[in-house]
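Below is one structure; the comments refer to it alone.
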Amino acid sequence: MKLTNFPRVVARCPWRPVSGGLAVMAMLGCSSDILNVNDPDIIAPENLSNALGANAQRNGGIHNFTVVFSGTQDGIVVASGNMADEFLTTDTFADRQRVNERAMDVNLGGAADALYNNLHRARTALSRGAKVWAELKPASKDTLSELYALRGYTENFFAELYCSGVPFGDEDGATVTQGMPQTTTQTLQRAVASFDTALTNATVANFRSLAAVGKGRALLNLGQFDQAAAAVATVPTTFRYQTFHSTTTGAQNNGIWSATYNNGVRYTNATSEGTNGYDYLQTPNDPRIRWTATNRIGFDGTTQNMPRQEKYPAQNTPVTLADGIEARLIELEARLRKDTQTDRDAVFAGLNTLRATGLTTPIPALAGSAPTAQAAAVDQFFKERAFWTWMTGHRLGDMRRLVRQYGRAANTVYPIGAVSTRPSVQYGTDVNFIIPFNETNNPNFKACLDRNP
């Protein structure tokens, strides 16, 4: 990510009209002096080099993470679900439509650029916050662990959402280092390293669990299934880490609520999208997929009777980033990879245990017995995983893994055919987000290394 600081320059120049009544002015005898005006909106770095400054940078990093994850209507949860099978857009702007249609290009701008920029902004702020915290408050290990863990999640999100080739720049005061493009594997290895640093610093169970689930998720993406299961083995099923939202300011609102809940919103929940999408919106509701039927109309004015998700029914509803249910799902997937009937039986039993214990009110058990064919067992497992992690930013990464790790054809996993909110449009072939054009400001970057899953 290219980081550039633009100085505020104010030139004192006498002006005179050039041509009669034309509103054209020319500079005459312009001096080049720069007015050094103190801007009250900018905090100088030296004012943050103390314990209070460390707190401010810690809070800023966590805020930036919350914004990009679940705090804007185009954050990770919504944008990734828009490319996957969780959301449809009712917007009239190409930056959202082309993501939903799986037909991105580098010049979309708008929401597409903002997602990429905000994710880099969060990663950079968390890195800076961790560095300052380690220097000024080294005894507070758990806060340092939290900052490194959240940085690991940003790196994992880059790997799950974007094509291969994301660069990671760095800055140290006035010095900016331009990043070199990283492969998806290198990006995931970077995430694992961040989670390992978080684990080294954690002293209490909650922060160990946050880092452990993140590490397990990154290792799962790397195809290191046994290592992923080992990483989450001590995470209790009752563990949960959430981003918190409030009604105080728009920046603190739950962005998923903003994107989906009211009349005229830019997104709506999908079900059976493009023939391959899961049937999330069942009647009666699956307890993990809370929704209601409405007569709402979308932003485009033509999408009608939009269903309304009830998982995030208010501006201040928290959003789960990681929990113990995900830890159990990681363990079960590692078991499933062993591909014996004994393992399929164990996974089937484990899924039913989660149904019995994962919510306050138990979910009825899966009917029958474990599938005897591995492909059917994989189908069953990923559907259960999608329902447990619905609208938490997991689904696009899982769809990519089904293609990359399980050999599924992309046109059997991703939505295909006509887009229901724009019937004249056919889905494209993208399986991930493209890196926006503004990254070419980085001289080390030219384009995605590849668009593979």
Side-chain angles (χ1 to χ4, degrees), residues 69-70 75-78 80-82 84-88 160 213 216-217 220 232 235-243 245 254-257 259-261 267-273 276-294 306-314 317-333 336 347-368 370-371 377-399 401-402 413:
F69 176 62
S70 55
I76 287 166
V77 172
V78 175
S80 66
N82 188 36
D85 63 352
E86 293 178 322
F87 296 102
L88 289 161
E160 288 186 350
V213 173
R217 181 170 176 174
L220 206 64
V232 301
V235 176
T237 305
T238 54
F239 160 73
R240 184 167 58 182
Y241 181 97
Q242 296 179 308
T243 58
H245 298 277
N254 180 315
I256 312 165
W257 176 90
T260 63
Y261 206 74
Y267 294 94
T268 185
N269 290 96
T271 191
S272 303
E273 182 184 0
N276 292 323
Y278 287 138
D279 54 338
Y280 297 108
L281 308 184
Q282 300 177 2
T283 303
N285 287 192
D286 184 295
R288 297 164 293 187
I289 312 289
R290 300 190 298 277
W291 69 283
T292 54
T294 78
M306 297 193 310
R308 174 156 51 206
Q309 61 81 18
E310 300 292 350
K311 186 170 188 173
Y312 306 109
T317 307
V319 181
T320 297
L321 172 66
D323 63 12
I325 290 174
E326 182 179 357
R328 303 290 82 80
L329 289 168
I330 290 171
E331 292 173 331
L332 291 174
E333 186 173 351
L336 183 61
V347 170
F348 186 81
L351 293 174
N352 278 331
T353 296
L354 281 181
R355 281 173 161 252
T357 62
L359 297 176
T360 303
T361 302
I363 305 171
L366 292 164
V378 170
D379 288 344
Q380 182 181 70
F381 174 81
F382 271 88
K383 184 170 183 178
E384 283 291 289
R385 180 175 164 87
F387 275 54
W388 279 114
T389 61
W390 185 59
M391 294 204 304
T392 58
H394 287 78
R395 179 62 178 149
L396 180 59
D398 285 348
M399 293 169 81
R401 291 196 306 109
L402 277 166
V413 175

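This structure is a prediction, so every number in the text was calculated from the model and none was measured.
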Partner of Leu329 by side-chain contact (heavy atoms from CB on, under 4.5 Å), out of Val347, Val232, Leu354, Asp323:
Leu354
What are the two closest heavy atoms between [X] and [Y], and how far apart are they?
X	Y	result
Val213	Ala322	CG1-CB, 3.7 Å
Pro371	Gln380	CD-OE1, 3.5 Å
Gly393	Val77	N-CG2, 4.0 Å

Verify, without hydrogens or angle tests, whether [X] (side chain) and [Y] (backbone) share a donor-acceptor contact under 3.5 angstrom.
X	Y	answer
Tyr312	Met391	yes
Asp85	Glu273	no
Lys383	Val378	no
Thr271	Leu281	yes
Asn285	Trp291	yes

Rounded to the nearest 0.5 Å, what separation is found between the [atom1] atom of [X] and the [atom2] atom of [Y]?
X	Y	atom1	atom2	value
Arg395	Ser80	CZ	OG	11.0 Å
Leu351	Leu332	CG	CG	5.5 Å
Thr317	Glu310	OG1	CD	10.0 Å
Thr389	Glu326	OG1	CD	7.5 Å
Tyr278	Arg385	OH	CZ	10.5 Å
Ile325	Trp388	CD1	CH2	4.5 Å

Whether over 12 other heavy atoms sit under 6.0 Å from Arg308 CZ
yes
Are Tyr280 and Phe387 an aromatic pair by the rule of ring centers under 6.0 Å?
yes
